[in-house]
Amino acid sequence: MLEHIPTQQELIALVGEPLFDVWAALCSAIDESYDMDRQWANGGKAWEYECKYRRGGKTLCALYARESCVGFMVIFGKDERTQFEADRDTYSEETKRAYDEARTYRDGKWVMFEPSDTSLIKDFMRLLAIKRKPNALQK
């Protein structure tokens with residue numbers, strides 16, 4: 001856990017306004033569909049910040065921030081990979097490429113995206129729905 005959660009201004013200074021808009025749009029889409037806790041942490045060697053969406057001890061996804069870059073990661077278990085692969089033709093080429101290039105570890109396939117705009121958010125939300133059905137109360 002971080003002692004200091006970055007402010008909107010600090011994130012904008014780190015990633016830049018256009019990428020902060022991507023970050024904010026993605027967070028908004030996740031918040032509209034999922035009732036989750038956000039856990040902020042140090043981003044390790046490669047990232048400045050990590051923001052995990054978690055509930056009940058399970059992580060849905062994580063967002064990452066570093067200078068001039070944002071990341072979005074989803075980890076797929078075996079059954080989730082099967083589900084993605086059954087529908088893979090309905091995803092964008094960029095999503096399929098990121099999935100294909102991701103490393104598979106014993107605990108799952110770690111798929112990292114570095115979006116530069118909001119064009120993949122629909123794909124991202126479909127990927128999250130594979131992991132967990134949306135559970136937020138629709139307004």
Side-chain angles (χ1 to χ4, degrees):
M1 297 283 281
L2 278 183
E3 288 182 26
H4 169 74
I5 295 172
T7 65
Q8 178 176 330
Q9 290 74 26
E10 290 169 329
L11 283 173
I12 290 170
L14 180 65
V15 302
E17 186 108 26
L19 289 178
F20 177 78
D21 291 344
V22 174
W23 176 286
L26 185 51
C27 288
S28 178
I30 295 168
D31 291 339
E32 284 176 21
S33 296
Y34 294 93
D35 180 19
M36 295 284 193
D37 297 322
R38 286 192 199 184
Q39 293 183 347
W40 286 85
N42 179 300
K45 294 178 184 176
W47 300 91
E48 186 79 20
Y49 298 111
E50 171 188 68
C51 178
K52 285 185 179 178
Y53 279 85
R54 293 178 57 93
R55 182 168 187 138
K58 292 193 171 206
T59 299
L60 175 69
C61 64
L63 278 70
Y64 295 89
R66 66 175 177 229
E67 189 173 338
S68 303
C69 189
V70 296
F72 172 74
M73 180 182 282
V74 182
I75 300 172
F76 291 108
K78 185 177 181 181
D79 292 342
E80 295 158 343
R81 291 195 311 268
T82 300
Q83 212 173 333
F84 172 83
E85 288 162 10
D87 275 349
R88 75 174 281 126
D89 291 340
T90 65
Y91 288 90
S92 68
E93 290 302 316
E94 193 171 345
T95 297
K96 290 186 279 192
R97 182 173 40 257
Y99 179 87
D100 292 341
E101 292 174 358
R103 290 200 49 193
T104 303
Y105 299 93
R106 64 169 182 75
D107 61 344
K109 187 170 188 79
W110 294 41
V111 185
M112 174 64 85
F113 297 89
E114 291 182 8
S116 57
D117 58 39
T118 59
S119 65
L120 293 178
I121 288 181
K122 284 185 180 176
D123 273 6
F124 295 166
M125 297 309 294
R126 290 180 59 214
L127 295 174
L128 294 180
I130 291 172
K131 289 196 61 72
R132 182 179 189 135
K133 286 185 171 54
N135 65 350
L137 295 174
Q138 300 301 316
K139 296 165 177 105

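Scope of the values below: all heavy atoms of this structure, side chains included, with no hydrogens, waters or symmetry mates.
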Does some side-chain heavy atom of Phe76 sit less than 4.5 Å from a side-chain heavy atom of Tyr99?
yes

Heavy-atom closest pair, residues Ala29 and Met125:
O-CE, 3.3 Å

Please assess Glu48 against Glu10 for the test side-chain contact (heavy atoms from CB on, under 4.5 Å), listing each intermediate value before the final yes or no.
CA-CA 11 Å; Glu48 186 79 20; Glu10 290 169 329; over 6 Å; no

Would you say Ile12 and Val15 are hydrophobically clustered, going by side-chain heavy atoms of ILVMFWY under 4.5 Å?
yes

Using a 4.5 Å cut-off on heavy atoms from C-beta on, say whether the side chain of Leu11 contacts that of Tyr49.
yes

Given Val74 and Leu128, is the side-chain contact (heavy atoms from CB on, under 4.5 Å) satisfied, shown in steps?
CA-CA 8 Å; Val74 182; Leu128 294 180; 4.0 Å; yes

Chi angles and distances behind the side-chain contact (heavy atoms from CB on, under 4.5 Å) call for Lys131, Leu127:
CA-CA 7 Å; Lys131 289 196 61 72; Leu127 295 174; over 6 Å; no

Quick check: closest heavy atoms across Gln83 and Ile130, and the distance to 0.1 Å?
OE1-CG2, 3.7 Å

Would you please indicate if the ring centroids of Tyr53 and Tyr34 are separated by under 6.0 Å?
no

Is Trp40 linked to Met73 within one hydrophobic cluster, defined over Ile, Leu, Val, Met, Phe, Trp and Tyr using a side-chain heavy-atom separation of less than 4.5 Å?
no

If you look at every heavy atom in Ile121 and Leu26, which pair is closest and at what distance?
CD1-N, 3.7 Å

Using the salt bridge (charged side-chain N to carboxylate O under 4.0 Å, His left out) definition, which of the options Arg81, Lys109, Arg88 pairs with Asp100?
Arg88

Supply the atom-to-atom distance Thr82 OG1 to Asp87 CG, rounded to the nearest 0.5 angstrom.
11.5 Å

Give a yes or no on whether a salt bridge exists between Arg97 and Glu94, defined as a side-chain N under 4.0 angstrom from a carboxylate O.
no

Aromatic plane relationship, Tyr105 with Trp110 - under 30° parallel, 30 to 60° tilted, over 60° perpendicular:
perpendicular

Does Phe124 form a side-chain contact (heavy atoms from CB on, under 4.5 Å) with Ile30? I'd like the steps, not just the answer.
CA-CA 9 Å; Phe124 295 166; Ile30 295 168; over 6 Å; no

Looking at CG of Leu19 and CD of Glu67, how far apart are the two atoms once the value is rounded to the nearest 0.5 Å?
11.5 Å

Pairwise distance NZ(Lys58) to CE(Met36) - rounded to 0.5 angstrom
10.5 Å

Around atom CD of Gln9, are there more than 12 heavy atoms from other residues, nucleotides or ligands closer than 6.0 Å?
yes

Will you find, in the side chains of Thr90 and Arg126, an N or O donor that is under 3.5 Å from an N or O acceptor?
yes

Tell me whether Leu63 is reachable from Phe113 by hopping between hydrophobic residues (I, L, V, M, F, W, Y) whose side-chain heavy atoms are closer than 4.5 Å.
yes

Check whether Leu2 and Tyr64 end up in the same hydrophobic cluster, where Ile, Leu, Val, Met, Phe, Trp and Tyr are linked by side-chain heavy atoms less than 4.5 Å apart.
no

Looking at every non-hydrogen atom in both residues, tell me the closest pair between Ser92 and Asp123 and how far apart they are.
OG-OD2, 2.8 Å

Arg55 (side chain) donor-acceptor with Asp35 (main chain) under 3.5 angstrom
yes

So which atom in Ala25 and which in Thr118 form the shortest heavy-atom distance, rounded to 0.1 Å?
CB-CG2, 3.8 Å

Rounded at 0.5 Å granularity, tell me how far OG1 in Thr59 sits from CD1 in Ile75.
7.0 Å

Val70 and Pro115, any side-chain heavy atoms less than 4.5 Å apart
yes

Arg38 and Asp31: which non-hydrogen atoms are nearest, and at how many Å?
NH2-OD2, 2.6 Å

Mind checking whether Phe72 and Phe20 sit in one hydrophobic cluster, side chains of I, L, V, M, F, W, Y counted as touching below 4.5 Å?
yes

